[in-house]
Each structure stands twice: as C-alpha cells, then as structure tokens.
Amino acid sequence: MNLLFSNDRPGEYPPTVYAEQVPPLPPFAPLRGETRATVAIVGGGYTGLSAALHLAERGIDCVLLEAHRVGFGASGRNGGQIGSGQRLDVEEMEALVGRDRARIFWDMAEDAKRLTRDLAARAGVPVRDGVAHAFRKPAELDVARRHIDHLAQHYDYDPIEALSPEAFRALIPSPAYQGGELDHGAGHLNPLALAVGMARLAQQAGAVIHENSHVHHIAFARDATAKTIVQTGSGRVICDHVVLAGNGYLGGLSPQVAARVMPINNFVVATPPLGAQARQVASRQIAVHDTKFVVNYWRLDDEGRLIFGGGENVSYRFPRDIAAKVRKPLAQIYPTLADVPFTHAWGGTLAITMNRLPCFLRPAPNALSASGFSGHGVALATLAGRQMAEAVAGQAAGFDAMAALPTSRFPGGEMLRFPLLVAGMSWFALRDRLGI
C-alpha cells in the first residue's frame, strides 16, 4: 500500500474488532538496502498476498512490500462477505460481453469462492455459509425470481432462493425490506484472519515479506528485457516483474491505474456480543447486504456481535464521528437497536471503477496490476493474485480475460474525478433517501 489515510497510524493495525480478535503475526522486517527478486509485489492485502503465495508455491522467488502491516487496508477492515459472481449481475454482464463470455466470468468468480474457502481452510479460518440480499421495493422480488431462474438455466447455479416479504422478515426481522434472496453458496468470515492466514502461508511457502516498507517510486522497465526498480524509503528491489496490488492505496505509482481506479472510504461499527438480542438481527448467522446505491451490509460474527457497514465518502479524511455516521442507517434498518452501544467504529479505503468491474492492466513491460474490486473483493482479489502469479509463469489466460473487460477512465482526470464522483454519489444518495 502506498497512502496513509486519516485515523491510520504507521505500523499499527487500526482499532477494529478484527484486530482484537486476530493474533497478529510477528512483524516482518522493513526492507533495508538493495535486494533482487524475480517478482516484486507492491501491497500486502488479499491480492498481493495471494500473488506471493502462488508465486512461492511455483518456486518463483518474490518479495512483497507492504507500507504498514499485512492486511492493514481494506483486506483487514471489510464486511467479510464472500459473494457470488462479479460485481455486476450476469444479465448486465451479458449485455456487456454476451452470454458465452459472461459464463466465463461467472465460472471465474465461482473459482474465486472455491479458492478463498480453500485458503481459509488451510489457514484455519472458519467460513459461515449464507449471504442474503435485502430488497427495498416489492418489484425487486419479481426481478430476483427471474434472475434465480436465469442462473439455474444458463449458469448451473441453484443454491439461491427467493424469499417473500414474510419469509424474509422471519430471517431478517427488519421493517425496512420487502423480501429478498438468500444465496447459500456465498459465505462470510473474519477478513483480517484471512489476510493474516494468507501471509503465514506465503511465508511458509518461501515468499519474502517486508512490512513498513512504503513504495514511493517505481522505475518501470522500458522493454521486456530490462529490469524494474521498486524504491522504498530505506531500500530497493531490482526485479524482472512487478505486481501492483495496492488497490485504493496505490496512489500515483501508475497514472494508468489511477485514471481508472478511485479510492473511496467506507465505514463500519461493531457492537458487543448481543446474546439474545442477536435474534433481532437475524434468525441465522448469515451476512446481509441491501440494494441501496450506498450499500448497507452486516453480519453476526462468531461472538454474536453485529458488524454493520454503511456510509461512504471520497475524501482523504474520515468523519470525526464514524459511529454517528453509521448509526443512522443501522437505526433505520433495526429501530429496536437504535441505541445499541458500539465497541468499535472504523473506516477503510477500498477502490471502485466506473463500471464496478475490476481493472486489470499491464501498465509497463513485465508489470501487472489488478485493482478496483468495488466492494466485491474478498474472493475476486484473492483470485486476481493467483491470476497474476499465473501470468508471470506464462499462463496468462485468466489475467488476459479480465484485462479485456472495458475499464473507462474517470471523467475529469485526477484533478476533477473526486468532485465529479462526489456529485454523482450525492445524486444517488438522494435517490436512496427518496426510495427511487
């Protein structure tokens, strides 16, 4: 990762409930002096850790550089949902690329779920099944029924069911929703535990990891036979290939990526273990997200805590009172929990693209980048790391398929993309409030 956002302290995990639940690995030493490697990886989240693990398991020497701690960014702060499919529904993917190619991307996303579950099992991280999608309007239930039939007929996927308003309210006792669907093939987990577990697996496989090693400049190779130099404040890596895996923290290391990928902040709270009150959240230990443009998402964790995310901004600063910002949507969804105490409130920085599909690029010779997972990255970012490792090893089919997806630049360039996105988000937030 490259940038430090407000409320973040160098070298420390942010004060999330995850950081209290997950024993940290002993710190990895910062990079000192010059070293050489076949591959340098910039960023120690899911993408970079997966790349390091899969490169090391292939016997390819690699060095991972993380500006803070592994899993410090969105990978250690998110809602922990392992969702199905790409960020766009299959119908939207079909309109974009046709059904045959849409099926390829669906199957790829299913592979991402399998990979994530496998790595979680290897790392000893429990995965709980079930992610519900909550509908705000009755018409969304009719659309969902058609969508479920479409998935079963054309994508061979059937572990998903539509729930009437009454059935959904029995599962999620909230007056805010008019039915929903439950995907039994999706899941949820402790996201920081997954990142830390992946780092442990990568180290055991032979990957070299350096924390507190902020990459501030990359001298990209001019041709495929030249070396790339990755520079930190106290050392540098001379390498044959570089993998950019910083996502929302990549900063200006690659103008090509920065033009297409926008960092955005999201906010989360955690309650104490709710005990019997947990039944006011859900009748089962599942994860949930709704259909708002600025999505609300939540789950009950293994301790019976409610972990609830809501609200966004595109500033480099977090709100002064994150808890108050998130309490408002929580109270709208669960009025009986409007005054529930919070033990933790935190912000995190992810990255989005114009069309919400990941941005895969080759920004220079022997350079690979994958980012912009748009809130759908637990599984897809993990797969992206493996795909970049495969591409380095000469098996680039997966990476090239993703790179062929359209990734438009944000309008206005780097100077105007933030205010234009703020204006767009304000419009969609208004639509959310009006129920449009």
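The figures that follow rest on heavy atoms only: side chains count, while hydrogens, waters and symmetry mates do not.
The line from OG of S84 to CD1 of I160 is 6.5 Å long, rounded to the nearest 0.5 Å. How far CD1 of I209 is from CG of L65: 10.5 Å, rounded to the nearest 0.5 Å. Here S213 contributes atom OG and L64 contributes atom CG; the two are 9.5 Å apart, rounded to the nearest 0.5 Å. One finds the CD atom of Q256 at 10.0 Å from the CG atom of L244 (value rounded to the nearest 0.5 Å). Distance check, rounded to the nearest 0.5 Å: CZ of R114 to CD1 of I82 gives 13.0 Å. With values rounded to the nearest 0.5 angstrom, S75 atom OG is found 8.0 Å from L194 atom CG.
A search for ring-ring contact (aromatic ring centres under 6.0 Å, His included) contacts involving H147 returns nothing, not counting sequence neighbours. Listed by chain and number, the residues in a side-chain hydrogen bond (donor to acceptor under 3.5 Å, both in side chains) with Q231 amount to none (sequence neighbours excluded). The side-chain hydrogen bond (donor to acceptor under 3.5 Å, both in side chains) test applied to T38 returns D61, not counting sequence neighbours. Residues satisfying the ring-ring contact (aromatic ring centres under 6.0 Å, His included) test with H54, not counting sequence neighbours, are none. Scanning for side-chain contact (heavy atoms from CB on, under 4.5 Å) contacts around D118 gives R122, with sequence neighbours left out. Take Y18 and apply the ring-ring contact (aromatic ring centres under 6.0 Å, His included) test, not counting sequence neighbours, and it matches W346. Listed by chain and number, the residues in a side-chain hydrogen bond (donor to acceptor under 3.5 Å, both in side chains) with R36 amount to none (sequence neighbours excluded). In this structure, H376 has no side-chain hydrogen bond (donor to acceptor under 3.5 Å, both in side chains) partners at least two apart in sequence or on a different chain. A search for side-chain contact (heavy atoms from CB on, under 4.5 Å) contacts involving R327 returns V340, F342, not counting sequence neighbours.
Judged by distance alone, with hydrogens and angles left aside, the side-chain atoms of D290 form a donor-acceptor pair with the main-chain N or O of K292 at under 3.5 Å. In this structure a side-chain-to-backbone donor-acceptor pair under 3.5 Å is present from E140 to R136. In this structure, the side chain of D129 does not engage the main chain of H184 through any donor-acceptor pair within 3.5 Å. Checked by atom type and distance alone, the side chain of S234 pairs as donor or acceptor with a backbone atom of L31 at under 3.5 Å. Remark: the backbone N or O of G185 is paired with a side-chain donor or acceptor of K113 at under 3.5 angstrom. Without hydrogens or angle criteria, N313 side chain to R317 main chain gives a donor-acceptor distance under 3.5 Å. Remark: the backbone N or O of F220 is not paired with any side-chain donor or acceptor of T228 at under 3.5 angstrom. Using modelled atom types, no side-chain atom of Y46 and backbone atom of A74 make a donor-acceptor pair closer than 3.5 Å. No donor-acceptor distance shorter than 3.5 angstrom exists from the side chain of N212 to the backbone of A29, with no hydrogens or angles considered. Judged purely by atom type and a 3.5 angstrom limit, R356 has no side-chain atom pairing as donor or acceptor with the backbone of I352.
Considering only heavy atoms from C-beta on, F105 comes within 4.5 Å of V97 through its side chain. With contacts defined as side-chain heavy-atom distances shorter than 4.5 Å, the pair R101/M93 does not qualify. Contact of the V269 side chain with the H344 side chain is not registered, since no non-hydrogen atoms from C-beta on lie closer than 4.5 Å. The shortest side-chain heavy-atom distance between D158 and L151 does not fall under the 4.5 Å cut-off. No side-chain heavy atom of F267 sits less than 4.5 Å from a side-chain heavy atom of F308. Within the 4.5 Å cutoff, the side chain of L96 has heavy atoms near those of the L357 side chain.
Exactly one residue among I148, V131, L163 makes a side chain to side chain contact (heavy atoms under 4.5 Å, CB included) with E181. That residue is I148. No option in V125, V378, D111, L380 other than V378 meets the side chain to side chain contact (heavy atoms under 4.5 Å, CB included) test with T116.
P23 and V196 make their closest contact through O-CG1, 4.1 Å (heavy atoms, listed as atom of the first residue, atom of the second, distance). Nearest heavy atom pair, residue P341 against residue P272, reads O-CD, 3.1 Å. P358 and T407 make their closest contact through O-CG2, 3.7 Å (heavy atoms, listed as atom of the first residue, atom of the second, distance). Counting all heavy atoms, side chain and backbone alike, T47 lies closest to A384 at CG2-CB, 4.3 Å. The nearest pair of heavy atoms linking P329 to N296 is CB-OD1, 3.4 Å.
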| said: Using the rule given for side chain to side chain contact (heavy atoms under 4.5 Å, CB included), can you reason through I333 versus Y177, listing the C-alpha separation, both sets of side-chain angles and the distance that settles it, and then say yes or no? | reply: CA-CA 8 Å; I333 294 168; Y177 299 112; 3.1 Å; yes
| task | Walk me through it: do Q21 and N190 pass the test side-chain hydrogen bond (donor to acceptor under 3.5 Å, both in side chains)? | result | CA-CA 9 Å; Q21 293 171 332; N190 182 313; 3.0 Å; yes
| query | For T349 and Y249, what are the C-alpha separation, side-chain angles and deciding distance, and is it a side chain to side chain contact (heavy atoms under 4.5 Å, CB included)? | reply | CA-CA 8 Å; T349 301; Y249 290 81; 3.7 Å; yes
| request: Test Q395 against R58 for side-chain hydrogen bond (donor to acceptor under 3.5 Å, both in side chains), laying out the working first. | output: CA-CA 12 Å; Q395 300 169 352; R58 287 174 171 268; 2.8 Å; yes
| task | Given side chain to side chain contact (heavy atoms under 4.5 Å, CB included), test L383 with M108 step by step and report yes or no. | result | CA-CA 8 Å; L383 179 67; M108 195 179 289; 3.4 Å; yes
| said: Between I264 and L350, is the side chain to side chain contact (heavy atoms under 4.5 Å, CB included) condition met? List the steps. | reply: CA-CA 6 Å; I264 188 169; L350 61 151; 3.7 Å; yes
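Applying the salt bridge (Lys or Arg N to Asp or Glu O under 4.0 Å) rule to pairs touching residues 207-219 yields R69-E211, sequence neighbours excluded. Within the structure, the salt bridge (Lys or Arg N to Asp or Glu O under 4.0 Å) test picks out the following pairs touching residues 228-251 (sequence neighbours left out): E34-R236, K227-D240. Within the structure, the salt bridge (Lys or Arg N to Asp or Glu O under 4.0 Å) test picks out the following pairs touching residues 361-377 (sequence neighbours left out): R362-D400.
Side-chain atoms of E12 and H68 form no donor-acceptor pair, as typed in the model, at a separation below 3.5 Å. For E66 and H210, the side-chain atoms include no donor-acceptor pair closer than 3.5 Å. In the model, Q285 has a side-chain atom that pairs as donor or acceptor with a side-chain atom of D302 under 3.5 Å.
Taking the charged nitrogens against the carboxylate oxygens, D107 and R103 do have a contact shorter than 4.0 Å, which makes a salt bridge.
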